[in-house]
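The next block holds one structure in the form of structure tokens; read it before the comments.
Values in this document were obtained by computation on a predicted structure and should not be read as measured data. Keep in mind that the numbers below use all heavy atoms, side chains included, and drop hydrogens, waters and symmetry copies. The chain is numbered in sequence order, starting from 1.
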Amino acid sequence: MSSRPLNDDEVLTEMNKMVAFIKQEALEKAREIKVKADEEFAIEKAKIVKQESQAIDANYEKKRKGAEVAQKIAQSTQTNKSRLRLLQAREQHLQDLFSTARSSILKLSRDEGRYEQLLEGVVLQGVLQMLEPVATVYCRKKDTLVVQRATQGAMKQYEEMSGRDVTITVEGTLADDSAGGVKLISGTRRITIDNTLDERLRLLEDRMLPEIRKNLFGANENRKFYN
């Protein structure tokens, strides 16, 4: 059976079928492209959002740490300033205390009876330390007479205690603005003993300072060892 040629209506129908098929294929392809594009966009969007979120988190963390460091520095600075003010106040208190002690010593040197007794004691102590036959006692010029009297008493006690004789010369060459007391030098000039009240007070300050600090301000929590 031979095939016949298609008439115009049949040709038109076939063409419409082909157009519809091509259109459907195009629509399917377009949907595939759109779905793929949407997926890629979603992936890229998520990636960008994640990167930005990480950048924001990193920036926040950096600022947070910076703020913490700044706060610690400020606190440390304030603590150091407070500690320094406390130390300065304590040091001033100690200086006031030593100044009061020196004022008391100056008052003692104006009480001739007590002062002479003190001078006799420090001269005796000095010659007993030296055990030399000859010594020179230096004092303030205004103390010369009272020191001479004290020296006579010290010489007598020295002879009784040591069984030796000693010759003592008194010279008023120490500064009158000092607190008083005496300085002794042996006849050989090799031994010097500073028994001035200023030196006695200085030694007392050095030796008693740790104990004074503890009594006034309490034990130092940062100190681990004690002599």
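The salt bridge (charged side-chain N to carboxylate O under 4.0 Å, His left out) check on R202 picks up E199, D206, with sequence neighbours excluded. Scored by the salt bridge (charged side-chain N to carboxylate O under 4.0 Å, His left out) test, R200 finds no partners at all (sequence neighbours excluded). Checked against side-chain hydrogen bond (donor to acceptor under 3.5 Å, both in side chains), Q157 has the following partners two or more places apart in sequence or in another chain: E120. For E112, the side-chain hydrogen bond (donor to acceptor under 3.5 Å, both in side chains) criterion is met by R149, not counting sequence neighbours. For the side-chain hydrogen bond (donor to acceptor under 3.5 Å, both in side chains) test, no residue two or more places apart in sequence or in another chain qualifies with N7. Here T196 pairs with D194 under the side-chain hydrogen bond (donor to acceptor under 3.5 Å, both in side chains) rule; sequence neighbours left out.
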Checking side chain to side chain contact (heavy atoms under 4.5 Å, CB included) for the pair N195/K183: CA distance, chi angles, key distance, verdict? CA-CA 5 Å; N195 273 343; K183 183 180 290 187; over 6 Å; no
For V134 and S186: C-alpha separation, side-chain torsions, deciding distance, then whether side chain to side chain contact (heavy atoms under 4.5 Å, CB included) applies. CA-CA 6 Å; V134 178; S186 66; over 6 Å; no
Determine, step by step, whether L119 and V182 satisfy the side chain to side chain contact (heavy atoms under 4.5 Å, CB included) criterion, reporting the C-alpha distance in whole Å, the side-chain angles of both residues, the deciding distance to 0.1 Å, and the verdict. CA-CA 7 Å; L119 290 171; V182 296; 4.0 Å; yes
Steps toward side chain to side chain contact (heavy atoms under 4.5 Å, CB included) verdict (T136, L184): CA-CA 6 Å; T136 302; L184 297 89; over 6 Å; no
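Under the 4.5 Å side-chain heavy-atom criterion for Ile, Leu, Val, Met, Phe, Trp and Tyr, L145 and L174 are members of distinct hydrophobic clusters. Under the 4.5 Å side-chain heavy-atom criterion for Ile, Leu, Val, Met, Phe, Trp and Tyr, V137 and M155 are members of the same hydrophobic cluster. With hydrophobic clusters built from ILVMFWY side chains whose heavy atoms lie under 4.5 angstrom apart, L128 shares a cluster with L118. Following chains of ILVMFWY side-chain contacts shorter than 4.5 Å, one can reach M161 starting from M130, so the two form part of one hydrophobic cluster.
Residue E159 qualifies as enclosed at atom CD: its count of foreign heavy atoms under 6.0 Å is above 12.
A pairwise comparison of heavy atoms in C139 and T144 identifies SG-CA, 3.8 Å as the closest pair. Between A175 and S178 the shortest heavy-atom distance is O-OG, 2.7 Å. Taking every heavy atom of both residues into account, A154 and V123 meet most closely at CB-CG1, 3.7 Å.
Side-chain N or O atoms of S162 include one that pairs as donor or acceptor with a backbone N or O of Y158 at under 3.5 Å. Y138 contributes no side-chain N or O that, together with a main-chain N or O of I185, makes up a donor-acceptor pair within less than 3.5 Å.
Hydrophobic side-chain contacts under 4.5 Å tie I73 into a cluster, directly or through other members, with V69. Taking a 4.5 Å side-chain heavy-atom cut-off between Ile, Leu, Val, Met, Phe, Trp and Tyr, the cluster of L27 contains only that residue.
Here the CZ atom belonging to R114 is positioned 11.0 Å from the NZ atom belonging to K107, to the nearest 0.5 angstrom. Atoms OG1 and CD, on T151 and E116 in that order, are 9.5 Å from each other to the nearest 0.5 Å. The CD atom of Q117 lies 10.0 Å from the CG atom of D111; values are rounded to the nearest 0.5 Å.
Sorted by first then second residue, the side-chain hydrogen bond (donor to acceptor under 3.5 Å, both in side chains) pairs that include residues 21-37, not counting sequence neighbours, are Q24-E28, E28-R31, K34-D38. Counting only residues at least two apart or in different chains, salt bridge (charged side-chain N to carboxylate O under 4.0 Å, His left out) contacts with residues 136-145 comprise R140-D143. Sorted by first and then second residue, the side-chain hydrogen bond (donor to acceptor under 3.5 Å, both in side chains) pairs involving residues 164-176 (not counting sequence neighbours) form an empty list.
At a threshold of 4.5 Å between non-hydrogen side-chain atoms, the residues E132 and I191 count as touching. Side-chain contact check for I193 versus V122: every heavy-atom pair is 4.5 Å or farther apart.
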Cut-off 3.5 Å, no hydrogens considered: what does the side-chain donor-acceptor table look like for residues 52-61, sequence neighbours left out?
unit_1	atom_1	unit_2	atom_2	d
E61	OE1	R64	NE	3.2
E61	OE1	R64	NH2	3.4
E61	OE2	R64	NH2	2.3

